[in-house]
2 protein chains.
Amino acid sequence: MNDLVDGFTCAECLKKCSLFKTLSKEQLDEIYNHRYDTTFREGEVIAKQGSPISNVVSLSDGLAKLVLETPGKPDILLSIVKPTNLITSPGMFLDNRYHFSVISLTDTKACFINMTIIRQLFGENKEFQKRFHYSVGERSVMLFSRFRNLIHKNMAGRLADAILFLSNEIYESPEFNMDLRRSDLAEYSNMTKESVSRILKEFKEQKLFHIENDTARILDMNRLVQIARNG
Amino acid sequence: MNDLVDGFTCAECLKKCSLFKTLSKEQLDEIYNHRYDTTFREGEVIAKQGSPISNVVSLSDGLAKLVLETPGKPDILLSIVKPTNLITSPGMFLDNRYHFSVISLTDTKACFINMTIIRQLFGENKEFQKRFHYSVGERSVMLFSRFRNLIHKNMAGRLADAILFLSNEIYESPEFNMDLRRSDLAEYSNMTKESVSRILKEFKEQKLFHIENDTARILDMNRLVQIARNG
DNA sequence: GATTAATTGTGATATATATCATGTATGTTT
DNA sequence: AAACATACATGATATATATCACAATTAATC
(Lines give C-alpha, C1' and ligand atoms only; values in the text may rest on other atoms or scores of the structure.)
Protein backbone atom coordinates (compact mmCIF):
# COMPACT_ATOMS: atom_id res chain seq x y z
CA MET A 1 0.00 0.00 0.00
CA ASN A 2 2.04 2.92 -1.23
CA ASP A 3 1.41 6.58 -0.96
CA LEU A 4 0.66 7.86 -4.42
CA VAL A 5 -2.19 10.09 -3.32
CA ASP A 6 -0.22 12.23 -0.94
CA GLY A 7 1.87 14.93 -2.44
CA PHE A 8 0.11 14.73 -5.78
CA THR A 9 -2.54 16.98 -7.18
CA CYS A 10 -5.67 15.33 -8.60
CA ALA A 11 -4.35 15.97 -12.08
CA GLU A 12 -1.21 13.97 -11.28
CA CYS A 13 -2.86 11.32 -9.09
CA LEU A 14 -2.80 7.83 -10.55
CA LYS A 15 -5.53 6.70 -8.20
CA LYS A 16 -8.31 9.02 -9.20
CA CYS A 17 -11.53 7.32 -10.19
CA SER A 18 -12.05 6.74 -13.91
CA LEU A 19 -14.91 9.25 -13.94
CA PHE A 20 -12.46 12.05 -13.28
CA LYS A 21 -10.52 11.30 -16.41
CA THR A 22 -13.11 13.23 -18.37
CA LEU A 23 -12.15 16.40 -16.51
CA SER A 24 -9.79 19.12 -17.68
CA LYS A 25 -6.62 20.13 -15.82
CA GLU A 26 -8.46 23.19 -14.47
CA GLN A 27 -11.41 21.16 -13.31
CA LEU A 28 -9.16 18.66 -11.57
CA ASP A 29 -7.35 21.50 -9.85
CA GLU A 30 -10.70 22.82 -8.71
CA ILE A 31 -11.39 19.41 -7.19
CA TYR A 32 -7.94 19.32 -5.65
CA ASN A 33 -8.67 22.55 -3.83
CA HIS A 34 -11.89 21.15 -2.39
CA ARG A 35 -10.88 17.71 -1.32
CA TYR A 36 -9.18 16.07 1.60
CA ASP A 37 -8.02 12.53 2.17
CA THR A 38 -8.24 10.37 5.22
CA THR A 39 -7.21 6.90 6.25
CA PHE A 40 -9.44 4.41 8.00
CA ARG A 41 -8.61 1.28 9.93
CA GLU A 42 -10.43 -1.96 9.31
CA GLY A 43 -14.05 -1.81 10.46
CA GLU A 44 -14.31 1.97 10.62
CA VAL A 45 -17.29 3.84 9.23
CA ILE A 46 -16.42 5.88 6.14
CA ALA A 47 -19.98 7.13 5.63
CA LYS A 48 -22.97 6.60 7.86
CA GLN A 49 -26.48 5.78 6.67
CA GLY A 50 -28.76 8.72 7.42
CA SER A 51 -26.03 11.34 7.58
CA PRO A 52 -25.92 14.20 5.06
CA ILE A 53 -23.93 13.72 1.88
CA SER A 54 -21.53 16.63 1.89
CA ASN A 55 -18.83 14.86 -0.08
CA VAL A 56 -18.37 12.34 -2.83
CA VAL A 57 -15.99 9.61 -1.70
CA SER A 58 -13.34 8.10 -3.95
CA LEU A 59 -11.52 5.05 -2.62
CA SER A 60 -7.77 5.17 -3.25
CA ASP A 61 -6.57 2.19 -1.18
CA GLY A 62 -8.18 -0.81 0.50
CA LEU A 63 -11.68 -2.23 0.31
CA ALA A 64 -15.00 -1.09 1.72
CA LYS A 65 -18.48 -2.54 1.93
CA LEU A 66 -21.80 -0.82 1.31
CA VAL A 67 -24.35 -2.03 3.84
CA LEU A 68 -28.02 -1.44 4.45
CA GLU A 69 -28.54 -1.08 8.15
CA THR A 70 -31.80 -1.87 9.93
CA PRO A 71 -32.12 -1.51 13.71
CA GLY A 72 -32.32 -4.91 15.36
CA LYS A 73 -31.61 -6.80 12.16
CA PRO A 74 -28.40 -8.01 10.50
CA ASP A 75 -26.83 -5.70 7.94
CA ILE A 76 -27.35 -6.39 4.26
CA LEU A 77 -24.10 -6.16 2.32
CA LEU A 78 -25.10 -4.58 -0.99
CA SER A 79 -21.76 -4.30 -2.69
CA ILE A 80 -18.03 -3.86 -2.26
CA VAL A 81 -16.00 -0.95 -3.56
CA LYS A 82 -12.36 -1.12 -4.52
CA PRO A 83 -9.80 1.54 -5.28
CA THR A 84 -10.58 3.95 -8.03
CA ASN A 85 -14.32 3.41 -7.47
CA LEU A 86 -16.39 6.46 -6.71
CA ILE A 87 -19.07 5.92 -4.10
CA THR A 88 -22.25 7.46 -5.45
CA SER A 89 -25.50 7.36 -3.53
CA PRO A 90 -29.09 7.68 -4.79
CA GLY A 91 -29.66 10.21 -2.02
CA MET A 92 -27.54 12.73 -3.95
CA PHE A 93 -30.47 13.68 -6.14
CA LEU A 94 -33.09 13.08 -3.52
CA ASP A 95 -32.75 14.09 0.12
CA ASN A 96 -28.99 14.51 0.27
CA ARG A 97 -28.61 11.69 2.79
CA TYR A 98 -26.80 8.39 2.70
CA HIS A 99 -29.21 5.48 2.38
CA PHE A 100 -26.51 2.95 3.19
CA SER A 101 -23.35 2.95 5.28
CA VAL A 102 -19.85 2.54 3.92
CA ILE A 103 -17.56 0.50 6.19
CA SER A 104 -13.93 -0.36 5.54
CA LEU A 105 -13.04 -4.04 5.22
CA THR A 106 -9.31 -3.37 5.37
CA ASP A 107 -7.21 -0.34 6.21
CA THR A 108 -8.26 2.13 3.57
CA LYS A 109 -7.48 5.54 2.18
CA ALA A 110 -10.23 7.69 0.71
CA CYS A 111 -10.57 11.10 -0.93
CA PHE A 112 -13.50 13.27 0.07
CA ILE A 113 -14.52 15.72 -2.62
CA ASN A 114 -16.89 18.53 -1.82
CA MET A 115 -20.32 17.83 -3.25
CA THR A 116 -20.93 21.42 -4.32
CA ILE A 117 -17.92 21.23 -6.63
CA ILE A 118 -19.22 18.01 -8.18
CA ARG A 119 -22.61 19.59 -8.86
CA GLN A 120 -20.87 22.62 -10.32
CA LEU A 121 -18.88 20.39 -12.66
CA PHE A 122 -22.11 18.84 -13.94
CA GLY A 123 -22.96 22.18 -15.48
CA GLU A 124 -19.50 22.71 -16.90
CA ASN A 125 -18.80 19.27 -18.27
CA LYS A 126 -21.62 17.31 -19.93
CA GLU A 127 -19.48 14.22 -20.43
CA PHE A 128 -18.69 14.14 -16.73
CA GLN A 129 -22.37 14.44 -15.86
CA LYS A 130 -23.28 11.74 -18.35
CA ARG A 131 -20.74 9.32 -16.94
CA PHE A 132 -21.82 10.11 -13.43
CA HIS A 133 -25.41 9.15 -14.23
CA TYR A 134 -24.11 6.11 -16.06
CA SER A 135 -22.46 4.91 -12.86
CA VAL A 136 -25.63 5.58 -10.87
CA GLY A 137 -27.58 3.47 -13.39
CA GLU A 138 -24.95 0.76 -13.16
CA ARG A 139 -25.37 0.51 -9.41
CA SER A 140 -29.14 0.27 -9.78
CA VAL A 141 -28.87 -2.56 -12.26
CA MET A 142 -26.38 -4.27 -9.98
CA LEU A 143 -29.04 -4.14 -7.27
CA PHE A 144 -31.44 -5.96 -9.58
CA SER A 145 -28.95 -8.76 -9.95
CA ARG A 146 -28.50 -8.85 -6.16
CA PHE A 147 -32.27 -9.19 -5.85
CA ARG A 148 -32.28 -12.18 -8.13
CA ASN A 149 -29.36 -13.84 -6.38
CA LEU A 150 -30.79 -13.46 -2.92
CA ILE A 151 -34.34 -14.37 -3.81
CA HIS A 152 -33.99 -17.20 -6.29
CA LYS A 153 -30.95 -19.12 -5.14
CA ASN A 154 -30.21 -21.58 -2.37
CA MET A 155 -27.34 -21.05 0.08
CA ALA A 156 -24.68 -22.77 -2.01
CA GLY A 157 -25.68 -20.73 -5.06
CA ARG A 158 -25.63 -17.49 -3.09
CA LEU A 159 -22.23 -18.18 -1.60
CA ALA A 160 -20.83 -19.26 -4.98
CA ASP A 161 -22.10 -15.91 -6.27
CA ALA A 162 -20.27 -14.08 -3.53
CA ILE A 163 -17.02 -15.90 -4.33
CA LEU A 164 -17.35 -15.23 -8.05
CA PHE A 165 -18.15 -11.57 -7.40
CA LEU A 166 -14.97 -11.23 -5.35
CA SER A 167 -12.86 -13.09 -7.88
CA ASN A 168 -14.25 -11.46 -11.04
CA GLU A 169 -15.18 -7.95 -9.97
CA ILE A 170 -13.03 -7.14 -6.99
CA TYR A 171 -9.73 -9.02 -7.04
CA GLU A 172 -9.81 -9.93 -10.74
CA SER A 173 -8.02 -13.20 -10.10
CA PRO A 174 -9.00 -16.78 -9.15
CA GLU A 175 -6.66 -16.47 -6.16
CA PHE A 176 -6.91 -13.63 -3.72
CA ASN A 177 -6.42 -12.53 -0.17
CA MET A 178 -9.69 -13.05 1.72
CA ASP A 179 -10.38 -9.69 3.35
CA LEU A 180 -13.94 -10.63 4.24
CA ARG A 181 -14.83 -12.47 7.41
CA ARG A 182 -17.36 -15.28 7.44
CA SER A 183 -19.82 -12.75 8.82
CA ASP A 184 -19.26 -10.45 5.83
CA LEU A 185 -19.90 -13.34 3.46
CA ALA A 186 -23.03 -14.09 5.49
CA GLU A 187 -24.23 -10.49 5.15
CA TYR A 188 -23.60 -10.63 1.42
CA SER A 189 -25.35 -13.97 0.94
CA ASN A 190 -28.18 -13.49 3.42
CA MET A 191 -27.45 -16.42 5.69
CA THR A 192 -25.88 -17.09 9.08
CA LYS A 193 -22.14 -17.33 9.51
CA GLU A 194 -22.60 -20.91 10.69
CA SER A 195 -24.12 -21.76 7.33
CA VAL A 196 -21.24 -20.02 5.55
CA SER A 197 -18.80 -22.27 7.43
CA ARG A 198 -20.71 -25.39 6.52
CA ILE A 199 -20.95 -24.60 2.82
CA LEU A 200 -17.33 -23.49 2.65
CA LYS A 201 -16.46 -26.88 4.07
CA GLU A 202 -18.51 -28.59 1.35
CA PHE A 203 -16.82 -26.52 -1.34
CA LYS A 204 -13.45 -27.54 0.06
CA GLU A 205 -14.41 -31.24 0.18
CA GLN A 206 -15.61 -31.08 -3.40
CA LYS A 207 -12.39 -29.30 -4.38
CA LEU A 208 -14.21 -26.25 -5.75
CA PHE A 209 -12.85 -23.50 -3.55
CA HIS A 210 -10.83 -23.20 -0.40
CA ILE A 211 -9.33 -20.69 1.97
CA GLU A 212 -6.01 -21.34 3.63
CA ASN A 213 -4.29 -18.76 5.80
CA ASP A 214 -6.50 -16.02 4.40
CA THR A 215 -5.59 -16.98 0.85
CA ALA A 216 -8.67 -17.90 -1.12
CA ARG A 217 -8.44 -19.93 -4.28
CA ILE A 218 -11.01 -21.07 -6.81
CA LEU A 219 -10.11 -24.64 -7.76
CA ASP A 220 -12.94 -25.45 -10.16
CA MET A 221 -14.30 -22.34 -11.80
CA ASN A 222 -16.69 -24.19 -14.10
CA ARG A 223 -18.47 -26.08 -11.37
CA LEU A 224 -18.61 -23.00 -9.16
CA VAL A 225 -20.22 -21.01 -11.97
CA GLN A 226 -22.66 -23.87 -12.46
CA ILE A 227 -23.61 -23.87 -8.77
CA ALA A 228 -24.06 -20.10 -8.85
CA ARG A 229 -26.19 -20.39 -11.95
CA ASN A 230 -28.49 -23.28 -11.11
CA GLY A 231 -28.32 -22.57 -7.34
CA MET B 1 -62.32 5.16 -16.59
CA ASN B 2 -62.98 8.25 -18.68
CA ASP B 3 -61.22 9.58 -21.69
CA LEU B 4 -59.48 12.74 -20.65
CA VAL B 5 -56.32 11.97 -22.54
CA ASP B 6 -57.84 11.75 -25.97
CA GLY B 7 -58.60 14.99 -27.72
CA PHE B 8 -56.41 16.98 -25.34
CA THR B 9 -52.94 18.30 -25.87
CA CYS B 10 -50.34 17.61 -23.17
CA ALA B 11 -50.72 21.19 -21.99
CA GLU B 12 -54.43 20.63 -21.42
CA CYS B 13 -54.19 17.04 -20.19
CA LEU B 14 -55.18 16.52 -16.57
CA LYS B 15 -53.46 13.15 -16.46
CA LYS B 16 -49.93 14.16 -17.25
CA CYS B 17 -47.34 13.04 -14.73
CA SER B 18 -46.39 15.60 -12.11
CA LEU B 19 -42.89 15.88 -13.57
CA PHE B 20 -44.32 17.52 -16.67
CA LYS B 21 -45.82 20.34 -14.65
CA THR B 22 -42.40 22.00 -14.63
CA LEU B 23 -42.55 22.35 -18.41
CA SER B 24 -43.61 25.40 -20.37
CA LYS B 25 -46.52 25.43 -22.82
CA GLU B 26 -44.05 25.23 -25.72
CA GLN B 27 -42.19 22.32 -24.17
CA LEU B 28 -45.45 20.46 -23.54
CA ASP B 29 -46.48 21.04 -27.14
CA GLU B 30 -43.14 19.64 -28.23
CA ILE B 31 -43.90 16.52 -26.20
CA TYR B 32 -47.42 16.39 -27.62
CA ASN B 33 -45.96 16.23 -31.12
CA HIS B 34 -43.70 13.31 -30.20
CA ARG B 35 -46.02 11.11 -28.21
CA TYR B 36 -48.68 8.52 -28.84
CA ASP B 37 -51.05 6.75 -26.51
CA THR B 38 -52.15 3.15 -26.44
CA THR B 39 -54.46 0.99 -24.40
CA PHE B 40 -53.57 -2.37 -22.92
CA ARG B 41 -55.73 -5.16 -21.63
CA GLU B 42 -55.05 -6.81 -18.30
CA GLY B 43 -51.89 -8.91 -18.38
CA GLU B 44 -50.40 -7.30 -21.47
CA VAL B 45 -46.76 -6.30 -21.67
CA ILE B 46 -46.30 -2.52 -21.76
CA ALA B 47 -42.51 -2.70 -21.83
CA LYS B 48 -40.34 -5.79 -22.07
CA GLN B 49 -37.17 -6.40 -20.08
CA GLY B 50 -34.19 -6.37 -22.45
CA SER B 51 -35.86 -4.32 -25.17
CA PRO B 52 -34.54 -0.85 -26.11
CA ILE B 53 -35.93 2.18 -24.31
CA SER B 54 -37.17 4.37 -27.12
CA ASN B 55 -39.88 6.05 -25.09
CA VAL B 56 -40.66 7.21 -21.62
CA VAL B 57 -44.00 5.79 -20.50
CA SER B 58 -46.54 7.77 -18.52
CA LEU B 59 -49.50 5.83 -17.15
CA SER B 60 -52.80 7.68 -17.60
CA ASP B 61 -55.30 4.96 -16.56
CA GLY B 62 -55.15 1.64 -14.75
CA LEU B 63 -52.37 -0.08 -12.85
CA ALA B 64 -49.17 -1.80 -13.94
CA LYS B 65 -46.50 -3.85 -12.21
CA LEU B 66 -42.74 -3.63 -12.65
CA VAL B 67 -41.27 -7.13 -12.59
CA LEU B 68 -37.80 -8.58 -12.71
CA GLU B 69 -37.90 -11.61 -14.96
CA THR B 70 -35.49 -14.53 -14.71
CA PRO B 71 -35.78 -17.52 -17.03
CA GLY B 72 -37.05 -20.56 -15.16
CA LYS B 73 -37.77 -18.62 -11.96
CA PRO B 74 -40.81 -16.77 -10.68
CA ASP B 75 -40.98 -13.05 -11.42
CA ILE B 76 -40.08 -10.57 -8.72
CA LEU B 77 -42.63 -7.79 -8.43
CA LEU B 78 -40.55 -4.69 -7.70
CA SER B 79 -43.25 -2.05 -7.61
CA ILE B 80 -46.60 -0.93 -8.90
CA VAL B 81 -47.24 2.21 -10.91
CA LYS B 82 -50.48 4.13 -10.95
CA PRO B 83 -51.81 6.92 -13.15
CA THR B 84 -49.76 10.03 -13.38
CA ASN B 85 -46.61 8.04 -12.59
CA LEU B 86 -43.79 8.19 -15.08
CA ILE B 87 -41.98 4.91 -15.60
CA THR B 88 -38.27 5.66 -15.50
CA SER B 89 -35.67 2.97 -15.85
CA PRO B 90 -32.01 2.92 -14.74
CA GLY B 91 -31.13 1.70 -18.23
CA MET B 92 -31.88 5.19 -19.57
CA PHE B 93 -28.46 6.42 -18.55
CA LEU B 94 -26.71 3.13 -19.06
CA ASP B 95 -27.35 0.80 -21.97
CA ASN B 96 -30.71 2.14 -23.10
CA ARG B 97 -32.48 -1.13 -22.30
CA TYR B 98 -35.25 -2.04 -19.91
CA HIS B 99 -33.95 -3.98 -16.93
CA PHE B 100 -37.45 -4.96 -15.86
CA SER B 101 -40.76 -5.57 -17.61
CA VAL B 102 -43.88 -3.48 -17.19
CA ILE B 103 -47.09 -5.53 -17.23
CA SER B 104 -50.61 -4.18 -16.85
CA LEU B 105 -52.62 -5.38 -13.85
CA THR B 106 -55.86 -3.92 -15.20
CA ASP B 107 -56.92 -2.45 -18.49
CA THR B 108 -54.63 0.54 -18.84
CA LYS B 109 -53.94 3.55 -20.97
CA ALA B 110 -50.41 4.86 -21.37
CA CYS B 111 -48.63 7.72 -23.14
CA PHE B 112 -45.36 6.96 -24.91
CA ILE B 113 -43.11 9.97 -25.19
CA ASN B 114 -40.11 9.89 -27.46
CA MET B 115 -36.93 9.54 -25.44
CA THR B 116 -34.95 11.92 -27.61
CA ILE B 117 -37.36 14.73 -26.75
CA ILE B 118 -36.97 13.98 -23.04
CA ARG B 119 -33.19 14.16 -23.30
CA GLN B 120 -33.50 17.37 -25.26
CA LEU B 121 -35.67 18.87 -22.51
CA PHE B 122 -32.98 18.07 -19.94
CA GLY B 123 -30.80 20.65 -21.64
CA GLU B 124 -33.56 23.22 -21.91
CA ASN B 125 -35.10 22.89 -18.47
CA LYS B 126 -32.87 22.34 -15.45
CA GLU B 127 -35.80 22.00 -13.07
CA PHE B 128 -37.23 19.22 -15.23
CA GLN B 129 -33.89 17.45 -15.27
CA LYS B 130 -33.51 17.83 -11.54
CA ARG B 131 -36.94 16.37 -10.82
CA PHE B 132 -36.30 13.56 -13.23
CA HIS B 133 -33.17 12.54 -11.35
CA TYR B 134 -35.05 12.98 -8.11
CA SER B 135 -37.57 10.38 -9.21
CA VAL B 136 -34.79 8.02 -10.29
CA GLY B 137 -33.25 8.38 -6.83
CA GLU B 138 -36.62 7.76 -5.26
CA ARG B 139 -37.02 4.48 -7.06
CA SER B 140 -33.55 3.39 -5.96
CA VAL B 141 -34.29 4.13 -2.33
CA MET B 142 -37.60 2.31 -2.68
CA LEU B 143 -35.61 -0.72 -3.79
CA PHE B 144 -33.58 -0.54 -0.59
CA SER B 145 -36.76 -0.74 1.42
CA ARG B 146 -37.89 -3.69 -0.71
CA PHE B 147 -34.60 -5.39 0.09
CA ARG B 148 -35.19 -4.96 3.77
CA ASN B 149 -38.75 -6.19 3.60
CA LEU B 150 -37.96 -9.29 1.63
CA ILE B 151 -34.82 -10.20 3.53
CA HIS B 152 -35.66 -9.42 7.14
CA LYS B 153 -39.34 -10.22 7.49
CA ASN B 154 -41.37 -13.38 7.83
CA MET B 155 -44.29 -14.15 5.51
CA ALA B 156 -46.94 -12.36 7.54
CA GLY B 157 -44.75 -9.25 7.74
CA ARG B 158 -44.06 -9.29 4.03
CA LEU B 159 -47.72 -9.69 3.14
CA ALA B 160 -48.75 -6.97 5.60
CA ASP B 161 -46.20 -4.77 3.85
CA ALA B 162 -47.77 -5.52 0.50
CA ILE B 163 -51.23 -4.63 1.79
CA LEU B 164 -50.01 -1.40 3.38
CA PHE B 165 -48.16 -0.46 0.21
CA LEU B 166 -51.35 -0.88 -1.79
CA SER B 167 -53.46 1.01 0.71
CA ASN B 168 -51.04 3.85 1.40
CA GLU B 169 -49.19 4.36 -1.85
CA ILE B 170 -51.44 3.04 -4.58
CA TYR B 171 -55.10 3.30 -3.65
CA GLU B 172 -54.67 5.86 -0.86
CA SER B 173 -57.56 4.37 1.10
CA PRO B 174 -58.05 1.57 3.66
CA GLU B 175 -60.63 0.08 1.32
CA PHE B 176 -59.87 -0.63 -2.31
CA ASN B 177 -60.61 -2.82 -5.27
CA MET B 178 -58.12 -5.71 -5.27
CA ASP B 179 -56.64 -5.67 -8.77
CA LEU B 180 -53.84 -8.05 -7.82
CA ARG B 181 -54.26 -11.81 -7.89
CA ARG B 182 -52.88 -14.02 -5.16
CA SER B 183 -50.00 -14.78 -7.50
CA ASP B 184 -49.18 -11.05 -7.82
CA LEU B 185 -49.15 -10.72 -4.05
CA ALA B 186 -46.89 -13.78 -3.97
CA GLU B 187 -44.50 -12.19 -6.48
CA TYR B 188 -44.43 -9.03 -4.41
CA SER B 189 -43.86 -10.81 -1.11
CA ASN B 190 -41.55 -13.57 -2.33
CA MET B 191 -43.64 -16.51 -1.33
CA THR B 192 -45.92 -19.08 -2.95
CA LYS B 193 -49.56 -18.29 -3.71
CA GLU B 194 -50.57 -21.10 -1.36
CA SER B 195 -48.84 -19.27 1.48
CA VAL B 196 -50.58 -16.04 0.48
CA SER B 197 -53.94 -17.81 0.78
CA ARG B 198 -53.09 -19.19 4.20
CA ILE B 199 -51.89 -15.89 5.63
CA LEU B 200 -54.81 -14.00 4.12
CA LYS B 201 -57.04 -16.47 5.93
CA GLU B 202 -55.23 -15.76 9.22
CA PHE B 203 -55.59 -12.01 8.69
CA LYS B 204 -59.30 -12.53 8.10
CA GLU B 205 -59.71 -14.69 11.23
CA GLN B 206 -57.89 -12.10 13.29
CA LYS B 207 -60.06 -9.39 11.78
CA LEU B 208 -57.10 -7.43 10.42
CA PHE B 209 -57.83 -7.45 6.71
CA HIS B 210 -60.16 -9.20 4.34
CA ILE B 211 -61.10 -9.43 0.70
CA GLU B 212 -64.70 -9.95 -0.31
CA ASN B 213 -65.77 -9.94 -3.96
CA ASP B 214 -62.55 -8.20 -4.95
CA THR B 215 -63.10 -5.48 -2.39
CA ALA B 216 -60.20 -5.36 0.04
CA ARG B 217 -60.53 -3.68 3.40
CA ILE B 218 -58.10 -3.02 6.22
CA LEU B 219 -59.96 -3.66 9.46
CA ASP B 220 -57.20 -3.05 11.99
CA MET B 221 -54.59 -0.69 10.63
CA ASN B 222 -52.59 -0.52 13.86
CA ARG B 223 -52.08 -4.24 14.22
CA LEU B 224 -51.32 -4.60 10.52
CA VAL B 225 -48.64 -1.93 10.78
CA GLN B 226 -47.26 -3.71 13.82
CA ILE B 227 -47.08 -7.03 11.97
CA ALA B 228 -45.36 -5.33 9.04
CA ARG B 229 -42.90 -3.67 11.41
CA ASN B 230 -41.96 -6.50 13.74
CA GLY B 231 -42.55 -9.22 11.05
C1' DG C 1 -77.22 -22.95 -18.61
C1' DA C 2 -73.85 -26.47 -18.96
C1' DT C 3 -69.07 -27.34 -19.54
C1' DT C 4 -64.61 -26.11 -19.19
C1' DA C 5 -60.92 -23.52 -17.52
C1' DA C 6 -58.71 -20.58 -14.17
C1' DT C 7 -58.15 -19.03 -9.68
C1' DT C 8 -58.23 -19.80 -4.88
C1' DG C 9 -58.16 -22.62 -0.64
C1' DT C 10 -56.58 -26.44 2.46
C1' DG C 11 -54.24 -30.30 4.39
C1' DA C 12 -50.17 -33.58 4.85
C1' DT C 13 -45.50 -33.90 4.23
C1' DA C 14 -40.77 -32.65 2.95
C1' DT C 15 -36.85 -29.59 3.12
C1' DA C 16 -33.83 -25.90 3.65
C1' DT C 17 -32.04 -23.10 6.89
C1' DA C 18 -31.78 -20.91 11.51
C1' DT C 19 -30.83 -21.47 16.23
C1' DC C 20 -28.47 -22.96 20.13
C1' DA C 21 -24.83 -25.07 22.47
C1' DT C 22 -20.26 -26.02 22.59
C1' DG C 23 -15.69 -26.91 20.93
C1' DT C 24 -11.40 -25.42 18.60
C1' DA C 25 -8.24 -22.51 16.60
C1' DT C 26 -6.17 -17.98 16.14
C1' DG C 27 -4.73 -13.78 17.53
C1' DT C 28 -3.95 -10.03 21.22
C1' DT C 29 -2.88 -8.08 25.56
C1' DT C 30 -0.39 -7.84 29.80
C1' DA D 1 4.09 -17.37 28.40
C1' DA D 2 -0.54 -17.15 30.31
C1' DA D 3 -4.94 -15.31 30.01
C1' DC D 4 -8.33 -13.55 27.38
C1' DA D 5 -10.89 -12.31 23.41
C1' DT D 6 -12.27 -13.09 18.82
C1' DA D 7 -13.17 -15.65 14.78
C1' DC D 8 -14.32 -20.05 13.02
C1' DA D 9 -16.23 -24.88 13.01
C1' DT D 10 -19.56 -28.50 13.99
C1' DG D 11 -23.38 -31.17 15.75
C1' DA D 12 -28.34 -31.67 17.40
C1' DT D 13 -32.62 -29.72 17.12
C1' DA D 14 -36.34 -26.47 15.92
C1' DT D 15 -38.94 -23.88 12.59
C1' DA D 16 -40.56 -21.52 8.71
C1' DT D 17 -41.89 -22.22 4.32
C1' DA D 18 -42.24 -24.91 -0.04
C1' DT D 19 -44.18 -28.68 -2.36
C1' DC D 20 -47.62 -31.75 -3.77
C1' DA D 21 -52.11 -33.38 -4.18
C1' DC D 22 -56.65 -32.33 -4.45
C1' DA D 23 -61.00 -29.76 -3.27
C1' DA D 24 -63.87 -25.67 -3.80
C1' DT D 25 -64.89 -21.52 -5.86
C1' DT D 26 -65.26 -18.26 -9.45
C1' DA D 27 -64.98 -16.83 -14.12
C1' DA D 28 -65.08 -17.70 -19.19
C1' DT D 29 -66.78 -20.08 -23.27
C1' DC D 30 -69.77 -22.63 -26.21
Side-chain angles (χ1 to χ4, degrees), chain A residues 41-43 65 72-77 103 105-107 149-163 177-206 209-216 227 230-231, chain B residues 41-43 65 72-77 103 105-107 149-163 177-206 209-216 227 230-231:
Chain A
R41 324 209 88 232
E42 185 195 326
K65 59 177 179 177
K73 305 275 173 173
D75 288 355
I76 301 167
L77 204 169
I103 299 172
L105 288 169
T106 65
D107 291 355
N149 286 338
L150 294 180
I151 287 180
H152 290 319
K153 295 177 185 173
N154 63 16
M155 291 201 297
R158 264 139 53 205
L159 194 60
D161 257 330
I163 293 164
N177 191 67
M178 178 51 87
D179 295 312
L180 284 75
R181 313 165 183 295
R182 302 296 182 269
S183 61
D184 294 316
L185 290 172
E187 285 174 9
Y188 188 91
S189 313
N190 185 32
M191 50 178 139
T192 59
K193 47 187 167 31
E194 291 94 327
S195 293
V196 170
S197 278
R198 273 185 265 266
I199 292 166
L200 244 27
K201 186 188 175 192
E202 273 180 44
F203 284 178
K204 190 176 193 168
E205 282 166 0
Q206 299 175 238
F209 172 80
H210 77 156
I211 304 175
E212 202 146 8
N213 303 321
D214 279 0
T215 299
I227 287 169
N230 110 41
Chain B
R41 323 210 88 231
E42 184 194 327
K65 58 178 179 177
K73 306 275 175 174
D75 287 356
I76 301 166
L77 205 169
I103 298 171
L105 287 169
T106 66
D107 290 356
N149 286 338
L150 293 180
I151 287 181
H152 290 319
K153 295 177 185 173
N154 63 16
M155 291 200 297
R158 264 138 53 204
L159 195 59
D161 257 330
I163 293 164
N177 191 67
M178 178 51 89
D179 296 313
L180 284 76
R181 316 168 181 298
R182 302 295 181 270
S183 60
D184 293 317
L185 291 172
E187 285 173 10
Y188 188 92
S189 313
N190 186 31
M191 51 178 136
T192 59
K193 47 189 166 30
E194 291 95 327
S195 293
V196 171
S197 277
R198 272 185 266 266
I199 292 166
L200 245 27
K201 186 188 175 190
E202 272 179 44
F203 284 178
K204 189 175 195 169
E205 281 166 2
Q206 297 174 240
F209 172 80
H210 75 158
I211 303 175
E212 203 145 8
N213 303 323
D214 280 359
T215 300
I227 286 170
N230 110 40

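In what follows, every chain begins at residue 1, and chains take the letters A, B, ... in the order their sequences are listed.
Nucleotide D:dT10 holds its C1' atom 6 Å from the NZ atom of A:K201, rounded to whole Å. In this structure, A:L180 atom CG and D:dA7 atom P are separated by 14 Å, rounded to whole Å. Rounded to whole Å, atom P of D:dC8 lies 16 Å from atom NE2 of A:H210. What separates CD1 of A:I199 from P of D:dG11 is a distance of 15 Å, to the nearest Å. For the pair A:I211 CD1 and D:dC8 C1', the interatomic distance rounds to 11 Å; values are reported in whole Å. We find that NZ of B:K193 is positioned 15 Å from P of C:dT10, with the value rounded to whole Å.
Under 4.0 Å is where a charged nitrogen must lie from a carboxylate oxygen, and between B:R181 and B:E42 at least one such pair does. Salt-bridge check for B:R182 with B:E194: failed, with every basic side-chain N at 4.0 Å or more from each acidic carboxylate O.
Looking at every heavy atom in both residues, A:L185 comes nearest to A:M178 through CD1-CE, 4.3 Å. The minimum heavy-atom distance linking B:H152 with A:P74 is given by the pair CE1-O, 2.9 Å. Here the shortest heavy-atom pairing between A:E187 and A:K65 reads OE1-NZ, 3.1 Å. Taking both residues in full, the closest heavy atoms of B:A160 and B:I227 are given as CB-CG2, 3.9 Å, listed atom of the first, atom of the second, then distance. Of all non-hydrogen atoms in B:L159 and B:S189, the two that sit nearest each other are CD1-OG, 3.7 Å.
Not counting sequence neighbours, the partners of B:N149 by the side-chain hydrogen bond (donor to acceptor under 3.5 Å, both in side chains) test are B:K153, B:D161.
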Quick one, give me the B/S/- string for nucleotides 13-30 of chain D, reading 5' to 3', where B means a protein heavy atom under 4.0 Å from the base and S means that only happens at the primed atoms, P, OP1 or OP2. ----SSBB----------

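Rounded to 10 degrees, the angle separating the terminal axes of the helix from C:dG1-D:dC30 to C:dT30-D:dA1 is 40°, with each axis obtained from five end pairs.
Put simply, A:R182 has no side-chain N or O that comes within less than 4.0 Å of OP1 or OP2 on D:dA7.
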